[in-house]
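Quick note: numbers below take in every heavy atom, side chains included, and nothing from hydrogens, waters or symmetry partners. A quick note: this is a predicted structure, and the numbers were derived from the prediction, not measured.
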Amino acid sequence: MCYSGGLDHKEVAGKVVLCNNPSEHQTDIEGQKEEVERAGAYAGIFMTDLSFLYPEDYTIPAIILPFATGALVREHATQVNTTRVKSMTFVHTNLGTKPAPQVAQFSSRGPDSITPGILKPDILAPGVDVLAAVAPNKPSMELKNYNLVTDYALKSGTSMAAPHAAGVAALLKAVHPEWSPAAIRSAIMTTAYAIDNTHTTIKDQWSGLPATPLDFGAGHINRNKAMNPGLVYDMNVQDYIEFLCTLGYNDKQMKAVIRRSQWTCRQPPTELNYPSFMAIINGTESPRTKSFSRVVTNVGDDTSIYQAILQVPSGMRITVEPSTLTFTAKYQQQGFVLNVEIDSDAPKVIYGYLKWVDQHDHIVSSPVVALNN
């Protein structure tokens, strides 16, 4: 057992240690590694199905195995008297890992603390172990008494996911130079996917359980489909100003944000034309309903007829009026109203989907989330 202070230096010095900690301690691989290093072992073999170590954490030779594989190594180490290695192959790129993608354990989660009525995050993008350029004159990691430098390193974080999203946005702007930032975001969100390669909902890396739109937003980014979304939820500068007006900012704060000395706020304020839906239902509300007004712009085929397809779980009801949108020209706009209702005993987070589907195979998908307070 590789607990803190649990290894005897005399027994493990210069040896390879197989840590046989119980599965409930599988997330503390960093602590096990530190104990193996403290005791003077040459290397460590660790078992976990949830590894959160990053490349710079490997300060000693180490390998991390799933519990099923680790059990075979443990059996061999404890029962075989003489060991002979016939061959050893290192897998540089392991394709087809399942389940994937996942929501990284460090990924930001919703709801938004300032405006919980706007679903956050918007999107999920690759951000774990991304090969990135780094400053070659600054230490990338420490190994015993040495500072190691490199031109490239595997990095993880929002700083890795953001360039993926920005690159897709740049691609869309090149293909559709007339699109606004809101249209680009809409295209990215409404074409994202929330099903992983095991054909189930994307998982939360930390818990291993199915994630929700409060974890992955509209889903994982899909750059190719985003180029042809069919419909977009567009907005202009005034729409954002109206949104800021509802937050109670004073004149000084408004000027700092919008970089203008004059602006107008309509009364009553208009609703932000966002490509997702977030209903905050308080326990005292009756009926437990919320309505949304949206406008979509046709950026697909000139003549298109979209039908509203609803995916709704038990305890939630969603209606859309009208349920059919007919377009006869590109850039034509159509409005609709979505109403969501939940039961009093619904889960704290419950969600479904609105999908506008046309005869040209466009699927414009939006999560509909209700937070049952």
Side-chain angles (χ1 to χ4, degrees), residues 103 107-125 158 161-162 165-166 169 179-192 194 211-221 226 229 231-249 253-254 256-258 263 265-282 285 288-297 316 318 320 335-342 346-356 364-373:
V103 182
S107 187
S108 297
R109 308 302 207 273
D112 185 274
S113 59
I114 298 176
T115 54
I118 303 297
L119 177 63
K120 292 295 175 180
D122 285 337
I123 200 73
L124 198 66
T158 305
W179 281 10
S180 68
I184 291 173
R185 175 175 54 199
S186 175
I188 291 174
M189 290 177 62
T190 60
T191 57
T212 75
L214 290 178
D215 304 308
F216 54 66
H220 193 281
I221 199 166
L231 302 175
V232 293
Y233 294 77
D234 205 359
M235 288 183 278
N236 56 38
V237 174
Q238 182 60 33
D239 293 319
Y240 288 106
I241 291 176
E242 307 254 346
F243 169 69
L244 293 173
C245 292
T246 66
L247 299 182
Y249 289 166
Q253 292 168 326
M254 287 290 289
V257 174
I258 67 176
W263 63 90
C265 295
R266 296 176 195 161
Q267 295 297 330
T270 56
E271 194 174 322
L272 200 62
N273 196 40
Y274 221 72
S276 59
F277 303 84
M278 181 72 176
I280 309 297
I281 308 294
N282 294 317
E285 290 185 28
R288 303 171 65 76
T289 63
K290 173 74 174 176
S291 293
F292 303 87
S293 296
R294 294 289 191 270
V295 174
V296 288
T297 303
M316 186 183 210
I318 303 175
V320 177
F336 67 90
V337 175
L338 180 144
N339 185 76
V340 57
E341 181 180 5
I342 63 171
K348 181 174 178 59
V349 179
I350 186 170
Y351 69 96
Y353 287 93
L354 163 64
K355 298 188 177 184
W356 291 107
V364 187
S365 179
S366 296
V368 182
V369 184
L371 199 59
N372 187 14
N373 288 332

Do [X] and [Y] have side-chain heavy atoms sitting under 4.5 Å apart?
X	Y	answer
T212	V369	no
R109	V103	yes
V320	V337	no
V237	W263	no
V364	V296	no
Y353	S365	yes

Inset, instruction - Go through the steps to decide whether K290 and V340 satisfy the test side-chain contact (heavy atoms from CB on, under 4.5 Å), and finish with yes or no. - result: CA-CA 5 Å; K290 173 74 174 176; V340 57; 3.9 Å; yes
Calculate, to the nearest 0.5 Å, the distance between atoms [atom1] and [atom2] belonging to [X] and [Y] respectively.
X	Y	atom1	atom2	result
I342	N372	CD1	CG	4.0 Å
D215	K120	CG	NZ	15.0 Å
N339	S293	CG	OG	10.5 Å
T289	I318	OG1	CD1	13.0 Å
T191	I123	OG1	CD1	7.0 Å
L119	M189	CG	CE	6.5 Å

Closest heavy-atom pair and its distance - [X], [Y]:
X	Y	result
M316	I350	CB-CD1, 3.7 Å
F336	Y233	CZ-OH, 3.6 Å
S276	S366	CA-CB, 4.4 Å
M235	L272	SD-CD1, 3.4 Å
T190	P229	OG1-CB, 4.2 Å
V232	S186	CA-OG, 3.4 Å

Inset, instruction - Just jot down the side-chain hydrogen bond (donor to acceptor under 3.5 Å, both in side chains) partners of D239, sequence neighbours excluded, or say none. - result: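 Partners of D239 under the side-chain hydrogen bond (donor to acceptor under 3.5 Å, both in side chains) test: none.
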Legend entry - Worked verdict on V368 versus M278 for side-chain contact (heavy atoms from CB on, under 4.5 Å): CA-CA 6 Å; V368 182; M278 181 72 176; over 6 Å; no
Legend entry - Expected output: side-chain R288 to main-chain N282 donor-acceptor under 3.5 Å: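 Present.
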Inset, instruction - Kindly determine whether R266 and C245 satisfy side-chain contact (heavy atoms from CB on, under 4.5 Å), including the steps that lead there. - result: CA-CA 9 Å; R266 296 176 195 161; C245 292; over 6 Å; no
Inset, instruction - Check the pair I280 / N373 against side-chain contact (heavy atoms from CB on, under 4.5 Å), numbers first and verdict last. - result: CA-CA 7 Å; I280 309 297; N373 288 332; 3.3 Å; yes
Legend entry - ring-ring contact (aromatic ring centres under 6.0 Å, His included) partners of F277, counting only residues at least two apart: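 By the ring-ring contact (aromatic ring centres under 6.0 Å, His included) rule, F277 matches F292.
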